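Since the model is a prediction, treat every value here as computed from it, not as a measurement. Residue numbering restarts at 1 for every chain, and letters A, B, ... go by the order of the sequence lines.
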There are 2 protein chains.
Amino acid sequence: MKNKKMKIARVEADVSQEKLADLVGVTRQTINLIEAGNYNPTLKLCTAICKALNKTLDDLFWEE
Amino acid sequence: MKNKKMKIARVEADVSQEKLADLVGVTRQTINLIEAGNYNPTLKLCTAICKALNKTLDDLFWEE
DNA sequence: ACAAAATGTAATATATAATTGACATTTTGT
DNA sequence: ACAAAATGTCAATTATATATTACATTTTGT
């Protein structure tokens with residue numbers, strides 16, 4: 001269960017994993033792991049990522 | 001920063017903290033802490049809570 | 001083709017989410 | 001008024017999100 005939506009939003013915003021990591025205050029590896037899936041980030045981090053990419057939680061992290 | 005939205009949704013759904021905890025597979029204390037605020041739950045738990053209460057992430061956990 | 005940037009991934013360490021058990025207080029039903 | 005249920009909260013432990021360091025591979029620009 002990769003997080004394609006987040007990766008697409010990031011690429012559309014034209015920011016690298018490293019840049020996004022800086023923006024939200026985590027390491028590049030954490031961003032990489034989230035996009036790779038099998039990861040369970042905290043709400044605070046999800047929210048920070050959404051704001052950095054100008055999206056909402058439902059946009060990037062909701063799964064039916 | 002209490003999570004009022006979650007508490008309201010839970011009460012409207014007529015489930016106790018303990019019942020909700022059972023539904024989503026955590027302890028009552030964890031639910032209590034989230035509602036009390038100053039807590040940073042994981043995405044998986046947030047999603048489980050939303051589904052149990054028939055809400056979305058934006059409904060319960062989005063903060064401007 | 002080449003160098004630089006970006007990405008994938010692993011091992012170990014640290015911070016903190018979540019558990020467990022317990023008790024006090026508040027709320028609800030009768 | 002009373003008992004039962006629900007909630008608030010604390011201390012100590014366990015599980016796991018995130019950091020750190022490091023290296024290999026892939027992608028991008030020139």
| query | Can you list, by residue number, the residues of residues 50-59 of chain A that have a non-hydrogen atom closer than 4.0 angstrom to DNA chain D? | reply | none
| request: Have a look at B:N40 and say if it touches a base, only the backbone sugar-phosphate, or nothing, with a 4.0 Å heavy-atom cut-off. | output: sugar-phosphate
| said: Counting the atoms with a prime plus P, OP1 and OP2 as sugar-phosphate, which does A:K7 contact under 4.0 Å by heavy atoms, base, sugar-phosphate, or nothing? | reply: sugar-phosphate
| Can any side-chain N or O of A:N3 pair as donor or acceptor with the backbone N or O of A:I34 at less than 3.5 Å? | no
| task | Measure the distance from NZ on B:K4 to C1' on D:dT7 and round it to the nearest whole Å. | result | 17 Å
| query | On a plain distance test, is the side chain of B:Q29 in donor-acceptor contact with the base of C:dG21 below 3.5 Å? | reply | yes
| Does the base of D:dG8 carry an N or O that pairs as donor and acceptor with the side chain of B:R28 under 3.5 Å? | yes
| Side-chain donor/acceptor of A:K5 to backbone N/O of A:W62, under 3.5 Å | yes
| said: Evaluate B:V15 against B:L53 for side chain to side chain contact (heavy atoms under 4.5 Å, CB included), listing each step before the verdict. | reply: CA-CA 9 Å; B:V15 298; B:L53 298 178; 4.0 Å; yes
| said: Taking any heavy-atom pair under 4.0 Å as a contact, classify A:T42: base, sugar-phosphate, or nothing. | reply: sugar-phosphate
| query | Knowing that exactly one of B:V26, B:I31, B:L57 qualifies, which makes a side-chain contact (heavy atoms from CB on, under 4.5 Å) with B:I49? | reply | B:I31
| query | With sugar-phosphate meaning primed atoms plus P, OP1 and OP2, does A:T27 contact a base, only sugar-phosphate, or nothing at under 4.0 Å between heavy atoms? | reply | base
| request: To the nearest 0.5 angstrom, please state how far the CG atom of B:L20 sits from the CD atom of B:Q17. | output: 8.5 Å
| Distance, rounded to the nearest Å, where A:L43 contributes CG and D:dT16 contributes P | 19 Å
| query | For C:dT7, does OP1 or OP2 lie under 4.0 Å from any side-chain N or O of A:N32? | reply | no
| Rounded distance in Å - CD (A:E18) to C1' (C:dA5) | 9 Å
| said: For A:A36 and B:T30, find the nucleotide of DNA chain C closest to each by heavy atoms; which residue's nucleotide sits nearer the 5' end? | reply: A:A36
| Does atom NZ of B:K51 have more than 12 heavy-atom neighbours from other groups under 6.0 Å away? | yes
| B:D22 CG to C:dT20 P, straight-line distance once rounded to whole Å | 12 Å
| field | Nucleotide C:dA4, atom C1' - distance to NZ of A:K19 in whole Å | value | 18 Å
| query | Which whole-number value in Å describes the distance from B:D14 CG to C:dG29 P? | reply | 10 Å
| message | Counting the atoms with a prime plus P, OP1 and OP2 as sugar-phosphate, which does A:L33 contact under 4.0 Å by heavy atoms, base, sugar-phosphate, or nothing? | response | nothing
| request: Quickly work out the A:R10 CZ to C:dT7 C1' distance and round it to whole Å. | output: 9 Å
| Separation of atom CD in B:Q17 from atom P in C:dT26, rounded to whole Å | 15 Å
| field | B:K44 backbone acceptor or donor facing A:N40 side chain under 3.5 Å | value | yes
| task | Could you pick out which residue, B:V15 or B:K44, lies toward the 5' side of DNA chain D when each is mapped onto its nearest nucleotide? | result | B:V15
| query | Name the stems that DNA chain C belongs to, where each is three or more consecutive Watson-Crick or G-U pairs with both distances under 3.5 Å? | reply | C:1-30 with D:1-30
| request: Starting from the C-alpha separation in whole Å, work towards a yes-or-no answer on side chain to side chain contact (heavy atoms under 4.5 Å, CB included) for B:D59 and B:C50. | output: CA-CA 8 Å; B:D59 287 339; B:C50 287; over 6 Å; no
| Sidechain-backbone polar pair: A:D22 side chain, A:K19 backbone, donor-acceptor under 3.5 Å | no
